[in-house]
Amino acid sequence: MRLLTTTVTSLALTQPPERVVPPPASETELSFREIHDIALDAYRTLYRTVGDPHHWTSRILPDERLDREIHDEAIRIFVLLADEIVAGWFELEMRRSMKSARIVHLGIMPAFRGRGLADHLLSRAIVMGFSQGAERLTIETNTLDHPAALPLYRKHGFEPYATRHVQTPAIESVEALTRAHRSDAPTEMVAGNTRQ
């Protein structure tokens, strides 16, 4: 298995924003939805489409384990829709007993990059995290992620509090083990129950 060495930066935000960053001007109709009980194949489509180029592997799991992780009561998944097509998504882990929340994953789908949507998407994720009673919101990025990620997080007020070096498997090294879990489902079919 080919391993990649990356530097992980952990960041935290302790003050909610004064306002949501508005979406960029566009003729496209944008909306947000929370996806309840998202189908595993739909989740994999979101995760792999954004994550494969950056060697995301933490959610490349067999059905039973993935089901436990993403359908845990602490996990909430939201999508940004552009004319009812998924343009981006984020995943929050809410730990109300600890008054903390974590942005587990966040990304813009490839066809919608370069339109200024990431700023708005992150802003919505931050507001949602604090709206659930969190007093501290965290996020992580690493040197395999998109180079714009860390500057974007800093722009929104996240401050680094730790760094570490880790080894992670290259995406092609886990591909043979996960072909059965790959989905070609269209991203406008994110399944489950939705709530605006």
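Rounded to the nearest 0.5 Å, atoms CD1 (Ile38) and CD1 (Ile70) are 6.0 Å apart. Expressed to the nearest 0.5 Å, how far CG of Leu13 lies from OH of Tyr153 amounts to 13.0 Å. Atoms CG and CG, on Leu122 and Leu152 in that order, are 5.0 Å from each other to the nearest 0.5 Å. Atom CG in Leu81 sits 12.0 Å away from atom OG1 in Thr28 (nearest 0.5 Å). Rounded to the nearest 0.5 angstrom, Met98 CE and Glu135 CD are separated by 12.0 Å. Atom CD1 of Ile103 sits about 12.0 Å away from atom CD of Glu140, to the nearest 0.5 Å.
Linking Ile, Leu, Val, Met, Phe, Trp and Tyr residues whenever their side-chain heavy atoms come within less than 4.5 Å leaves Trp56 and Val8 in two separate clusters. Note on Phe112: it clusters hydrophobically with Phe32, by side-chain heavy-atom contacts below 4.5 Å among ILVMFWY residues. Residues Phe130 and Phe90 share a hydrophobic cluster, clusters being chains of Ile/Leu/Val/Met/Phe/Trp/Tyr side chains in contact below 4.5 Å. Val174 and Leu4 end up in different hydrophobic clusters when Ile, Leu, Val, Met, Phe, Trp and Tyr side chains are linked at under 4.5 Å. Leu117 and Val127 fall into different hydrophobic clusters, where Ile, Leu, Val, Met, Phe, Trp and Tyr are joined by side-chain heavy atoms under 4.5 Å apart, directly or via other members.
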Assess the residue pair Arg59 and Leu66 against the criterion (side chain to side chain contact (heavy atoms under 4.5 Å, CB included)); give the C-alpha distance rounded to whole Å, side-chain angles, the decisive distance to 0.1 Å, and a yes or no. CA-CA 7 Å; Arg59 291 282 201 247; Leu66 182 62; 4.0 Å; yes
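For Ala134 against Ser100, the heavy-atom pair with the smallest separation is CB-C, 3.9 Å. Scanning all heavy atoms of the two residues, the minimum distance from Thr57 to Pro169 falls at CG2-O, 3.8 Å. Closest approach of Ile171 to His55, counting heavy atoms only: N-ND1, 2.9 Å. Considering all non-hydrogen atoms of both residues, Leu144 and Asn142 come closest at N-OD1, 2.7 Å. The shortest non-hydrogen separation linking Ala12 to Arg136 is CB-NH2, 3.7 Å. The minimum heavy-atom distance between Met109 and Trp89, with the atom names listed, is SD-CD1, 4.2 Å.
Between His105 and Tyr47, the ring planes lie perpendicular to each other; the angle is over 60°, past the 30° to 60° tilted range.
Put simply, the residue from Gln132, Glu93, Glu91 that forms a side chain to side chain donor-acceptor pair (under 3.5 Å) with Arg76 is Gln132.
Side-chain contact between Thr141 and Ile139: absent, with no pair of heavy atoms (C-beta onward) separated by less than 4.5 Å. Proximity of Val50 to Leu46: side-chain heavy atoms (C-beta onward) are nowhere separated by under 4.5 Å. Residues Leu11 and Leu150 meet the side-chain proximity criterion, which asks for heavy atoms closer than 4.5 Å. Side-chain contact between Met1 and Gln167 is absent, with no heavy-atom pair separated by less than 4.5 Å. With a 4.5 Å cut-off on side-chain heavy atoms, Ile126 and Pro16 do not count as touching.
Between the side chain of Ser131 and the backbone N or O of Met128, at least one donor-acceptor pair lies under 3.5 Å. Judged by distance alone, the side chain of Arg113 and the main-chain N or O of Ile108 form a donor-acceptor pair under 3.5 Å.
Atom CD of Glu29 has 12 or fewer heavy atoms from other residues, nucleotides or ligands within 6.0 Å.
A salt bridge links Asp63 with Arg44: the distance from a Lys NZ or Arg NE/NH1/NH2 to an Asp or Glu carboxylate oxygen falls below 4.0 Å. Between Arg96 and Glu73 there is no salt bridge, since no side-chain N of the basic residue sits under 4.0 Å from a carboxylate O of the acidic one.
His71 and Tyr43 have their aromatic ring centers separated by at least 6.0 angstrom.
For Arg124 and Phe78, the positive end is not near the middle of the six-membered ring at less than 6.0 Å and at most 45° from its axis.
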Which pairs of donor and acceptor atoms, one on a side chain in residues 156-163, lie under 3.5 Å apart (sequence neighbours left out)?
unit_1: His156; atom_1: NE2; unit_2: Asp119; atom_2: OD1; d: 2.5
unit_1: Glu159; atom_1: OE1; unit_2: Arg154; atom_2: NH2; d: 3.4

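A donor-acceptor contact under 3.5 angstrom links the side chains of Thr6 and Thr143, judged on distance only.
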